Asks: 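One structure, pasted below without further comment.
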Amino acid sequence: MENSLTKTSELNCNFIRLAHYPHPKEVYDKCDELGIIVQTEVPCVNKFRTPDASSDPCPQDYYDHLYIQYEDMVRQHYNHPCIMFWGLFNEATTNDSSWAKTQLEAYRTFIKGIDSERWVGYVVSHSSNNPSSLMGNPEMDWFGCNLYVGWYIDKTTNNPTSQLNTRVNNIINNKNKPLALSEYGCGGTQHCHSDDFMNTTTTGNYARHDIEYQMWLHEGHIAAIKNFPQLLFTGQWQLFDIAVWNRNEGYTVCLDGENASTDDNLRRLNNKGLVERDHITKKDTFYLYKAWWNPDSKFVHICGKDYTKMTGRSIKCYTNDGTSLSLYVNYTFIETVQVTDNIATFTSRSFSSGDEVRVVGATTNDSFTI
């Protein structure tokens, strides 16, 4: 746990969404210590259908037991100052908005009777641009929307601005409701590379998740999100890859960008993390966020160090160390390029096996051997 939350400190982020199930007390203790704001919730996910629904109903016991789970959640964690947001569910849909509205308002009233200070709300999926259209516009303190632009929707863009504008207008401007971008992101396998990632990556629940695609998607998102200061919080999904039995995706390996194979060890994962399942190995995308969020920890990071391509290769870096970076190969100066939005990309060139590549910033540098 200490190692896991150390990654959070390295990124210098100030918010964590603890979803969709109970987390150990040690997590909340550490968030208290680090001053990290938390949204937490019970394991009510996907389904919020009436007991008499014609298809796929939820029994009344399910809804009765949610009162127990909400009370357990609040009473167990009440004294953790890190918690600001209680969550009723994640991405649930209903067959009866009027019934759902009444039920959800009853849950909110119940939680407020135990804890009147913290905010109560819920999270909808990217399929809804307005929570009221999904649950009858219940009285809530906050709404969250999970929005997977570039992965499950709008697969040709890494810019969520249009989708965010719609939701900000519908929810914040028209209804005066606080809104969070509660999830966004995409899969990425550090051991699968492509210069043609828009064509080679199979987005969503499919076999090939090039790391360059994940980098591209987050570059667009992090640049866009800065233009939406009215969002209550944003939650990149997720910090670590996690095991999920019913996922069979992202198991392609392609180190040279051309010859692909499969690795069964990469199956059964949700690989949207910035760090691999071992909680140790940081993906290149991790350093994009560190460059944006942690200006005091200066660094240069060369991306794609395990990419074995030699011909026509462009060295790309994430950095927060200066306005320009310089490239050296075998101690010979090659080129200086400007840094834009914490990204620097050098002119494409050919390399040989054994070449030492070094990139130098204002005060730090990074290197590797091809």
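Numbers here are sequence positions counted from 1. None of the values given here were measured: they were computed from a predicted structure.
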Asks: Can you check whether Phe333 reaches Leu327 side chain to side chain, under 4.5 Å on heavy atoms?
Replies: no
Asks: Would you please say whether a donor-acceptor pair under 3.5 Å links the side chains of Asp154 and Gln163?
Replies: yes
Asks: Do the numbers put Arg267 on top of the ring of Tyr251, so that NZ or CZ is under 6.0 Å from the six-membered ring centre and no more than 45° off the axis?
Replies: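 Yes, Arg267 lies over the aromatic ring of Tyr251.
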Asks: As an exercise, state the distance from CD1 of Ile343 to CH2 of Trp292, rounded to the nearest 0.5 Å.
Replies: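 Taking CD1 in Ile343 and CH2 in Trp292, the distance rounds to 8.0 Å.
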Asks: Looking at Arg17 and Glu183, does any basic side-chain N land under 4.0 Å from a carboxylate oxygen?
Replies: yes
Asks: Please output the side-chain donor-acceptor pairs of residues 104-113 that fall under 3.5 Å, not counting sequence neighbours, one pair per line with the distance.
Replies:
from   : atom 1 : to     : atom 2 : distance (Å)
Glu105 : OE2    : Lys101 : NZ     : 3.2
Glu105 : OE2    : Glu139 : N      : 2.8
Tyr107 : OH     : Tyr63  : O      : 2.8
Tyr107 : OH     : Gln103 : NE2    : 3.1
Arg108 : NH2    : Asp141 : OD1    : 2.9
Thr109 : OG1    : Glu105 : O      : 2.9
Lys112 : NZ     : Arg118 : O      : 2.9
Lys112 : NZ     : Asp141 : OD2    : 3.1

Asks: Can a side-chain donor-acceptor contact be found between Ser162 and Asn165 if the only test is distance below 3.5 angstrom?
Replies: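 No pair is found: no donor N or O on one side chain lies under 3.5 Å from an acceptor on the other.
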Asks: Under a plain distance cut-off of 3.5 Å, with no hydrogens placed, do Asn271 and Thr189 share a side-chain donor-acceptor pair?
Replies: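 Judged by distance alone, the side chains do pair up.
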Asks: Give me the one residue out of Trp237, Phe89, Tyr122 that meets ring pair (Phe, Tyr, Trp, His ring centres under 6.0 Å) with His20.
Replies: Trp237
Asks: Can you label the angle between the His80 ring and the His77 ring as parallel, tilted or perpendicular, going by 30° and 60°?
Replies: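 Tilted: the ring planes of His80 and His77 meet at 30° to 60°.
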Asks: Establish, from distance only, whether the side-chain atoms of Thr161 and Asn159 form a donor-acceptor pair under 3.5 Å.
Replies: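 Indeed, the side chains of Thr161 and Asn159 share at least one donor-acceptor pair under 3.5 Å.
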Asks: Just by distance, no angles: are the side chains of Thr93 and Asn46 close enough, under 3.5 Å, to form a donor-acceptor pair?
Replies: no
Asks: Working to the nearest 0.5 Å, report the span between CG of Asp210 and OG1 of Thr252.
Replies: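 Answer for the CG-OG1 pair, Asp210 versus Thr252, is 8.5 Å.
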Asks: For a 4.5 angstrom cut-off between non-hydrogen side-chain atoms, does Val244 reach Leu269?
Replies: no
Asks: I'd like to know if Asp284 pairs up with Lys316 as an ion pair, taking the criterion as any Lys NZ or Arg NE/NH1/NH2 lying under 4.0 Å from an Asp or Glu carboxylate oxygen.
Replies: no
Asks: Give, for atom OH of Tyr70 and atom CD of Glu41, the distance between the pair rounded to the nearest 0.5 Å.
Replies: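 Spacing of OH (Tyr70) from CD (Glu41) equals 9.0 Å.
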Asks: Under a 3.5 Å cutoff, is there a donor and acceptor pairing between the side chains of Asn146 and Ser125?
Replies: no
Asks: Please tell me whether Ser314 and Ser348 have a donor and an acceptor in their side chains that are separated by less than 3.5 angstrom.
Replies: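 Side chains of Ser314 and Ser348: no pair found under 3.5 Å.
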Asks: Can you confirm whether the side chains of Gln214 and His218 place a donor and an acceptor under 3.5 Å from each other?
Replies: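 Gln214 vs His218: no donor-acceptor pair found between side chains.
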Asks: Side-chain contact test, heavy atoms from C-beta onward, threshold under 4.5 Å: evaluate it for Gln190 versus Glu276 and give yes or no.
Replies: yes
Asks: Taking atom types as modelled and ignoring hydrogens, do the side chains of Glu335 and Thr347 form a donor-acceptor contact shorter than 3.5 angstrom?
Replies: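 Yes - a donor-acceptor pair under 3.5 Å links their side chains.
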Asks: With no hydrogens and no angle check, do the side chains of Ser326 and Thr336 hold a donor and an acceptor under 3.5 Å apart?
Replies: yes
Asks: From the options Tyr184, Trp119, Trp142, select the one residue that forms a ring pair (Phe, Tyr, Trp, His ring centres under 6.0 Å) with Phe233.
Replies: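 With Phe233 as partner, Tyr184, Trp119, Trp142 yield a single ring pair (Phe, Tyr, Trp, His ring centres under 6.0 Å), made by Trp142.
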Asks: Quick one: CG on Leu217 to CD on Gln236, what's the gap to the nearest 0.5 Å?
Replies: 9.5 Å
Asks: Do Tyr318 and Asn342 have side chains that get closer than 4.5 Å, going by heavy atoms?
Replies: no
Asks: For Asp256 and His193, which I'm curious about, is there any donor-acceptor pair between the side chains at under 3.5 Å?
Replies: no
Asks: Taking atom types as modelled and ignoring hydrogens, do the side chains of Arg358 and Asn365 form a donor-acceptor contact shorter than 3.5 angstrom?
Replies: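 Short answer, yes.
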Asks: What I want to check is whether the side chains of Thr40 and Tyr28 have a donor and an acceptor closer together than 3.5 Å.
Replies: yes
Asks: In terms of ring plane angle, is the pair Trp293 and Tyr289 parallel, tilted or perpendicular, where the classes change at 30° and 60°?
Replies: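 Ring orientation of Trp293 relative to Tyr289: perpendicular.
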Asks: Counting C-beta onward and ignoring hydrogens, is there a side-chain heavy-atom pair between Leu11 and Asn294 closer than 4.5 Å?
Replies: no
Asks: Any heavy-atom pair between the side chains of Val38 and Met84 that's under 4.5 Å?
Replies: no
Asks: Centre of Phe286's six-membered ring, under 6.0 Å away, within 45 degrees of the axis: is that where NZ or CZ of Lys7 sits?
Replies: no
Asks: Between Asp52 and Thr50, do the side chains contain a donor N or O and an acceptor N or O under 3.5 Å apart?
Replies: yes
Asks: Which is it for Glu10 and Lys282 under the salt bridge (charged side-chain N to carboxylate O under 4.0 Å, His left out) test, yes or no, and what are the steps along the way?
Replies: CA-CA 11 Å; Glu10 183 178 350; Lys282 305 167 190 172; 2.8 Å; yes
Asks: Just say parallel, tilted or perpendicular for the rings of His209 and Trp151, cut-offs at 30° and 60°.
Replies: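 Aromatic pair His209/Trp151 classed perpendicular.
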